[in-house]
Amino acid sequence: MKPICFNNRYIKLGQNFSVETLPEPVKKPHLIKFNHQLADVMGLANTCLNPVDNLSDCTAIFAGNLIPEGAEPLAMVYAGHQFGCFNPQLGDGRAILLGEISTSDGAHFDMQLKGSGRTPFSRDGDGRAALGPVLREYLLSEAMAKLGVPTTRALAAVTTGEEVARQQLLPGGIITRISGSFVRVGTFQYFSASHNVEAIRKLADFVIERNYPAAKSEDNPYVTLLSSVVDRQAELIARWMQLGFIHGVMNTDNMSIAGETIDYGPCAFMDYFNHDQVYSSIDQNGRYAYSNQPSIGLWNLTRLAESLIPLLDKNTKTAVEIAQDILKNYIKLYQQYWLTGMRDKLGLSKSFNEDKELIEELLDIMATGKADFTLSFYYLSQVSIASAQQDDAIHALYIDAEPIKQWLLKWRERLTKESLTHETRKIMMCAVNPVYIPRNHQVEAAIRAAEDSADFSVFHELLEVLQNPYELQKKNDIFMLPPEPDEVVEQTFCGT
Ligand code: AMP
Ligand code: MG
């Protein structure tokens with residue numbers, strides 16, 4: 001059997017960055033799902049992390065009962081603004097970084113168990129995760145990956161054979177998640193809060209080496225680091241907006257330095273469109289509502305910029321000006337990413353000034369008409385430009401069809417300025433307008449079956465459909481439909 005190629009760089013940063021911590025073993029683990037495709041990308045074929053050859057060791061590793069050779073388990077320290085309030089001491093309270101895996105072609109993956117027991121940062125928590133949130137994270141993060149959005153990935157999920165106490169006793173689970181980095185905006189804030197400039201520099205150097213190597217050759221690599229993170233977040237949040245995704249807890253400790261979607265808690269994809277949609281039960285004031293996400297992105301990045309000030313220039317005033325310029329650019333970048341992506345969704349390859357208005361008008365009509373976001377765009381990709389004969393499916397999504405009929409006239413008029421053929425436009429639109437998203441009621445159904453009757457078939461079936469979100473899968477029509485009134489999920493929970 002091949003050894004796993006661990007090359008653990010984070011632990012080398014030293015003791016104030018993490019605490020060496022072992023996962024707490026569980027009673028009776030059972031492997032629910034292993035992501036063979038991702039394992040292959042990570043070079044894990046023929047290692048002990050392959051359940052086909054070695055189910056019991058593999059399960060034990062994903063449960064935290066066995067430490068693979070070369071792993072150096074630790075809990076990372078970080079701080080963070082939670083709903084706007086600064087908490088100087090957070091950290092992995094229920095996660096353990098097993099280590100960094102490198103592949104022969106130079107890719108790097110951090111591997112973390114989540115739900116693996118108490119750590120020095122657990123505060124009053126039990127360090128555990130319930131099975132429901134584990135399945136939810138598995139489904140949503142893998143769906144994101146297949147939708148083409150940067151995200152942490154799911155390598156495996158296990159049940160623990162133990163119960164966790166939440167509002168009620170629930171079966172426990174552990175997810176193994178993979179990322180380009182588990183460093184967060186909050187990691188920088190942790191060192192900034194204690195004015196530890198050397199640690200900030202060390203962390204920044206680590207992130208540059210690992211995630212932004214091109215910055216090394218720039219005049220000031222830290223300026224490039226900040227502008228690169230800003231760019232990636234602008235693009236990421238634009239992608240969320242284009243898919244109707246609401247993260248739900250955009251605290252600074254949940255914002256990845258690598259620009260990946262991270263920490264799938266009470267997140268959700270919208271069914272019918274609402275600018276101010278909130279699902280999270282703990283987001284009482286709608287701080288993280290759908291339409292607030294771009295500006296919260298800027299708020300969080302401003303916290304990162306503040307933490308990096310000592311590295312941007314020796315002169316603080318100059319450093320602040322540099323940071324302000326980069327942050328100003330976020331707004332521009334976000335708008336560009338958003339507009340380009342929305343044009344693609346509408347099959348517009350050319351740019352005209354009035355496009356923005358056309359897109360915003362559609363969203364407003366969707367909101368008043370309570371139309372399903374995903375299906376609205378998918379059906380648009382299916383209709384003919386020339387004739388309105390097949391428009392019925394679109395009209396049927398809206399409470400009142402009149403406004404969308406008027407809008408379709410404008411859209412068709414706009415399409416006449418394009419030089420794309422109908423076929424090319426359709427291919428372009430189908431590549432960005434998914435048929436399937438992990439709809440709340442279906443995720444909920446998968447969790448209910450698993451938690452209530454240890455039936456994982458619904459989870460597996462849904463996960464399978466989400467592997468090809470942009471392709472109509474004939475026998476799986478049910479997965480493209482919005483919920484019936486009695487299936488609507490109004491609230492989601494973070495499950496801690
Ligand atoms: P989250 O809202 O999931 O990003 O978590 C915020 C903080 O609370 C992080 O430091 C987590 O590690 C910690 N946390 C969440 N749930 C638990 C738990 N069950 N036990 C210990 N720590 C937790
Ligand atoms: Mg978190």
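The chain is numbered in sequence order, starting from 1. Both counts, for ligands and for their atoms, begin at 1 and track the order of listing.
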A student checking ligand 1 against Gly125 at a 4.0 Å heavy-atom cut-off should list atoms 20 (N), 21 (C)
Rounding to 0.5 Å, atoms CG (Leu49) and CD1 (Ile4) come to a distance of 3.5 Å
Inset, instruction - Please lay out, stage by stage, how Ser291 and Asp276 fare under the test side chain to side chain donor-acceptor pair (under 3.5 Å). - result: CA-CA 6 Å; Ser291 57; Asp276 301 318; 3.2 Å; yes
Go through the side-chain N and O atoms of Tyr222 and Asp205 and say whether any donor and acceptor fall under 3.5 Å apart.
-> yes
State whether Asp263 contributes an N/O/S atom found under 2.8 Å from the Mg ion (ligand 2). yes
Rounding to 0.5 Å, atoms CG (Leu38) and NE2 (His36) come to a distance of 11.5 Å
Ligand 1 to Asn254, heavy atom cutoff 4.0 Å, flagged ligand atoms 4 (O)
Counting only heavy atoms on the protein side, is anything nearer than 4.0 Å to atom 5 (O) of ligand 1? no
Worksheet item: Do Tyr436 and Phe479 have their ring centres less than 6.0 Å from each other?
Response: no
Hey, is the Mg ion (ligand 2) within less than 2.8 Å of some N/O/S atom on Asn254? yes
Going by the 4.0 angstrom heavy-atom rule, the piece of Tyr78 near ligand 1 is side chain
Atom 12 (O) of ligand 1 sits nearest the protein heavy atom Gly93 N, 2.7 Å
Whether the His108 and Ser102 side chains hold a donor-acceptor pair (N or O, under 3.5 Å, no angle test) is what I'd like checked.
yes
inquiry  = Regarding ligand 1, does Gly91 bring an N or O atom to under 3.5 Å of one of the ligand's N or O atoms?
reply    = yes
Quick look: Gln82 vs ligand 1, heavy-atom contacts under 4.0 Å, and the answer is side chain
Quick check on Arg166 - does any of its heavy atoms sit under 4.0 Å from an atom of ligand 1? yes
Give a yes/no on ligand 1: does Asp126 have at least one heavy atom closer than 4.0 angstrom to it? yes
Looking only at protein heavy atoms, what sits closest to atom 15 (C) of ligand 1 is Thr496 CG2, 3.3 Å
Ligand 1 to Asp263, heavy atom cutoff 4.0 Å, flagged ligand atoms 4 (O)
query = With no hydrogens and no angle check, do the side chains of Tyr264 and Thr151 hold a donor and an acceptor under 3.5 Å apart?
reply = yes
Taking only non-hydrogen atoms of Arg123 and a 4.0 Å limit, the atoms of ligand 1 in range are 7 (C), 8 (O), 10 (O), 13 (C)
Are a donor atom and an acceptor atom from the side chains of Thr103 and Asp105 found within less than 3.5 Å of each other? yes
Heavy atoms of Asn87 and Leu90 approach each other most closely as ND2-CD2, 3.6 Å
Separation between CG (Asn54) and OG1 (Thr59), nearest 0.5 Å, reads 8.5 Å
Residue, atom and distance of the protein heavy atom nearest atom 20 (N) of ligand 1 read Gly127 N, 2.8 Å
Rounded to the nearest 0.5 angstrom, the CE-SG distance for Met250 and Cys267 is 12.0 Å
The protein heavy atom nearest to atom 23 (C) of ligand 1 is Arg94 CG, 4.0 Å
Quick note on ligand 1: atoms under 4.0 Å from a heavy atom of Ser122 include exactly 21 (C), 22 (N)
